[in-house]
4 protein chains.
Amino acid sequence: MLNRVILIGRLTRDPELRYTPQGVAVTQFTLAVDRPFTSQGGEREADFIPVVTWRQLAETCANYLRKGRLTAVEGRIQVRNYENNEGKRVYVTEVIADNVRFLESSQSRESGNASGGGDMPEPPAYGGGGRGNSGNSGFSRNNNQDPFSGDGKPIDISDDDLPF
Amino acid sequence: MLNRVILIGRLTRDPELRYTPQGVAVTQFTLAVDRPFTSQGGEREADFIPVVTWRQLAETCANYLRKGRLTAVEGRIQVRNYENNEGKRVYVTEVIADNVRFLESSQSRESGNASGGGDMPEPPAYGGGGRGNSGNSGFSRNNNQDPFSGDGKPIDISDDDLPF
Amino acid sequence: MLNRVILIGRLTRDPELRYTPQGVAVTQFTLAVDRPFTSQGGEREADFIPVVTWRQLAETCANYLRKGRLTAVEGRIQVRNYENNEGKRVYVTEVIADNVRFLESSQSRESGNASGGGDMPEPPAYGGGGRGNSGNSGFSRNNNQDPFSGDGKPIDISDDDLPF
Amino acid sequence: MLNRVILIGRLTRDPELRYTPQGVAVTQFTLAVDRPFTSQGGEREADFIPVVTWRQLAETCANYLRKGRLTAVEGRIQVRNYENNEGKRVYVTEVIADNVRFLESSQSRESGNASGGGDMPEPPAYGGGGRGNSGNSGFSRNNNQDPFSGDGKPIDISDDDLPF
DNA sequence: TTTT
DNA sequence: TTTT
């Protein structure tokens with residue numbers, strides 16, 4: 001009935017942009033979100049939370065996000081499941097983001113990052129990429145497939161499987 | 001840095017209350033949260049999201065929640081991981097709730113439910129069980145162990161492992 | 001950059017549906033949200049929070065919400081200001097809702113309410129009215145005018161003033 | 001029943017720290033939060049949302065926040081009302097924050113700001129000041145008084161009026 | 001393994 | 001497999 005998540009954390013790696021065979025953009029990244037307390041041993045721990053974005057927002061994220069960048073994400077929790085190669089059902093929990101805010105521009109940091117990156121233009125004033133005046137619903141409708149389980153192989157879903 | 005989740009959904013079963021060997025109460029249940037759109041085939045789907053509560057709130061949830069009951073949950077996403085019996089790392093994502101609201105009292109429904117239940121007193125005005133004036137922090141601090149992986153066997157963590 | 005509100009409370013009165021001169025539907029209601037603690041004197045207090053919905057969602061709310069009904073609202077805080085008849089600037093804070101969930105159907109309560117009401121059909125499975133597959137953005141874009149300040153008089157804004 | 005707000009924006013001025021006569025710290029500041037769309041005329045508008053923090057968190061905010069700083073705030077909406085000097089009831093809506101995150105440290109910006117500021121130590125790893133391991137509930141319980149309405153005059157509320 |  |  002209601003499912004809303006808001007996270008602020010840092011990307012553990014550069015985002016991964018892929019396309020479904022029908023050309024729908026999908027970007028995945030993981031946010032490291034520090035826990036609000038220290039563990040028994042006094043170390044600060046973090047949760048590593050997978051985030052998925054679709055379409056226009058996916059391309060904006062792929063263009064402007066980089067490893068280590070502080071980022072805010074708004075979306076919903078999605079729990080998918082699939083049968084793995086040993087016939088076991090595997091559950092995957094991800095945050096499907098419909099709004100992403102870039103809290104650090106490229107020049108506000110030392111600007112060195114693992115992926116090189118090079119020419120990084122300024123992010124758009126509104127990074128949400130989809131909500132607002134764009135005429136796009138800005139609401140990543142669904143994705144009950146796993147575009148990342150293939151590990152680099154082409155994704156064999158058709159646009160008919162995509163609920164938008 | 002920030003990690004907040006709000007869900008409204010229905011319990012898929014009665015909640016499960018357990019105790020750590022040191023007597024700390026832990027309650028687990030799963031919320032079925034309808035997705036805000038229908039799938040390709042036109043069926044309404046749901047996400048099944050595991051929720052964990054600790055201490056006083058765990059006992060309140062075990063007392064007042066039942067299968068099918070409409071419930072609001074506020075908390076944070078936690079991602080644990082452990083090595084399973086085949087030596088493979090398994091990731092478990094749960095919502096650690098620090099606030100739970102009972103949106104249906106027992107008499108507001110047909111009152112029949114799988115678990116029988118019988119004498120169900122009215123829930124407290126404030127179901128959060130922990131926040132507020134109770135002198136309790138109301139913030140489920142941590143739980144990096146998996147009290148449910150043992151499937152009924154005693155939970156072998158000590159209170160020293162609990163960060164509260 | 002990010003502005004998100006989630007409320008669960010009860011309507012203090014029946015919702016008020018109006019139309020701009022251009023025929024855009026606007027519904028206003030107030031949610032009474034109990035505070036999570038009692039006051040000094042031990043009384044339970046509440047915040048009375050004004051909520052505004054636009055367009056399709058406005059009509060759905062006007063159709064299905066009634067005084068006393070438990071309701072969840074998702075949206076953003078908006079602060080408008082205008083000059084009153086004494087030339088003083090007045091600030092008005094409202095929640096502009098883009099998602100509303102009806103947590104009580106008409107038959108789940110005594111069904112008597114101040115406004116009479118009468119024939120109340122079941123709410124749609126998805127009360128959000130706008131998000132999802134409807135092709136509507138579901139995101140109430142703006143409203144920097146005050147459709148309620150006229151107190152019953154026609155609202156003199158043109159559709160050109162509406163940012164959608 | 002549930003009342004949660006999450007904001008990301010920039011301080012419009014330096015925060016104002018005051019103390020009740022009984023020595024309870026209260027800090028007030030306003031966040032400018034850009035709207036996710038542009039107005040009719042194409043200008044980007046913002047909501048100016050007043051935020052209040054209490055006790056330990058108030059002192060941390062006063063120490064580490066400055067005008068212009070990007071800041072995340074988590075809390076609840078509170079609506080107070082009081083009678084003004086003309087006998088009219090005035091409604092004041094504020095976000096009572098229980099968690100504040102400093103998204104920009106002093107060195108990550110040009111470090112020039114209107115208030116001078118000077119020696120600004122690094123913020124604590126956890127800016128929430130209250131939640132977590134501190135033994136403090138971290139939940140700003142109430143404040144039904146208006147510590148800012150006096151405009152600089154001493155605040156005439158007693159600790160008995162404070163619900164904590 | 002799933003709720004209405 | 002993880003970020004600062």
Side-chain angles (χ1 to χ4, degrees), chain A residues 1-3 7-16 28-35 43-51 65-73 79 81 83 88-91 103-104 108-110 112-115 148 151, chain B residues 1-3 7-16 28-35 43-51 65-73 79 81 83 88-91 103-104 108-110 112-115 148 151, chain C residues 101-105 107-108 122-127, chain D residues 101-105 107-108 122-127:
Chain A
M1 297 266 295
L2 191 148
N3 181 339
L7 304 173
I8 300 179
R10 294 186 184 277
L11 273 81
T12 60
R13 301 155 152 269
D14 284 2
E16 281 186 53
Q28 206 273 355
F29 55 90
T30 295
L31 277 190
V33 183
D34 289 337
R35 294 188 179 160
E43 321 98 46
R44 176 153 292 268
E45 298 182 33
D47 290 290
F48 297 95
I49 301 174
V51 177
L65 288 178
R66 287 294 172 273
K67 179 183 180 181
R69 220 55 79 69
L70 190 67
T71 305
V73 153
V79 182
N81 65 81
E83 206 156 304
K88 248 181 71 179
R89 191 138 297 270
V90 179
Y91 290 83
L103 302 178
E104 283 176 345
S108 79
R109 280 165 56 81
E110 313 82 305
N113 66 42
S115 62
F148 304 105
D151 259 337
Chain B
M1 296 265 294
L2 191 147
N3 182 338
L7 305 173
I8 300 180
R10 293 186 185 278
L11 273 81
T12 60
R13 300 156 152 268
D14 284 1
E16 280 186 53
Q28 206 273 355
F29 54 90
T30 295
L31 278 191
V33 183
D34 288 338
R35 294 188 179 160
E43 321 99 43
R44 176 152 293 269
E45 298 182 33
D47 291 291
F48 298 94
I49 302 174
V51 177
L65 290 178
R66 287 295 172 272
K67 180 184 179 179
R69 220 55 80 66
L70 190 67
T71 306
V73 153
V79 183
N81 67 81
E83 205 156 305
K88 247 183 70 179
R89 191 138 300 268
V90 179
Y91 291 83
L103 302 178
E104 284 177 345
S108 78
R109 281 163 56 79
E110 312 83 305
N113 67 42
S115 61
F148 304 106
D151 258 338
Chain C
R101 249 90 243 303
F102 310 133
L103 303 178
E104 283 177 345
S105 57
Q107 79 259 36
S108 78
E122 267 310 276
Y126 178 67
Chain D
R101 249 89 244 301
F102 310 132
L103 302 178
E104 283 177 345
S105 57
Q107 81 258 34
S108 77
E122 267 310 278
Y126 179 66

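Protein chains get the first letters and strands the later ones, always in sequence-line order, with residue 1 at the start of each. Computed from a predicted model, the values in this text were never measured in an experiment.
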query: Expressed in angstrom and rounded to an integer, what is the separation of Ile8(B) atom CD1 from dT3(E) atom P?
result: 20 Å

Atom pair distance, as rounded to whole Å: CG in Leu11(B) and P in dT4(E): 10 Å

field: Check: Arg35(B) main-chain N/O paired with Arg44(B) side-chain donor or acceptor under 3.5 Å
entry: yes

message: Can you see if the side chain of Arg13(A) gets near the phosphate of dT3(F) - specifically, an N or O under 4.0 Å from OP1 or OP2?
response: no

- line: Residues Phe48(A) and Ala32(A): closest non-hydrogen pair is CE2-CB, 3.6 Å

field: Atom pair distance, as rounded to whole Å: CD in Glu16(A) and C1' in dT1(F)
entry: 12 Å

Closest listed nucleotide, where the reference is the side chain of Arg10(B) and the choices are dT4(E), dT1(E), dT3(F): dT4(E)

- request: Measure from the side-chain heavy atoms of Tyr91(A) and tell me the nearest of dT3(F), dT3(E), dT1(E).
  value: dT1(E)

- request: For Leu103(A) and dT3(F), give me the distance from atom CG to atom C1', rounded to whole Å.
  value: 14 Å

- prompt: Arg44(A) CZ to dT3(F) P: how many Å, rounded?
  reply: 16 Å

- request: Could you state the atom-to-atom distance from CD1 of Ile49(B) to P of dT3(E) in whole Å?
  value: 15 Å

- line: Among dT2(E), dT4(F), dT1(F), the one nearest any side-chain atom of Asp34(A) is dT4(F)

Residue pair Ile49(B) / Asn3(A), side-chain heavy-atom distance below 4.5 Å: yes

Interatomic spacing from CZ in Arg101(D) to CG in Leu103(A) - rounded to 0.5 Å: 12.5 Å

statement: To the nearest angstrom, the CG-C1' distance between Leu31(A) and dT4(F) comes to 13 Å

- prompt: Atom CE of Met1(A) to atom P of dT4(E): distance rounded to whole Å?
  reply: 13 Å

Among dT3(E), dT1(F), dT4(F), the one nearest Lys67(B) by side-chain distance: dT3(E)

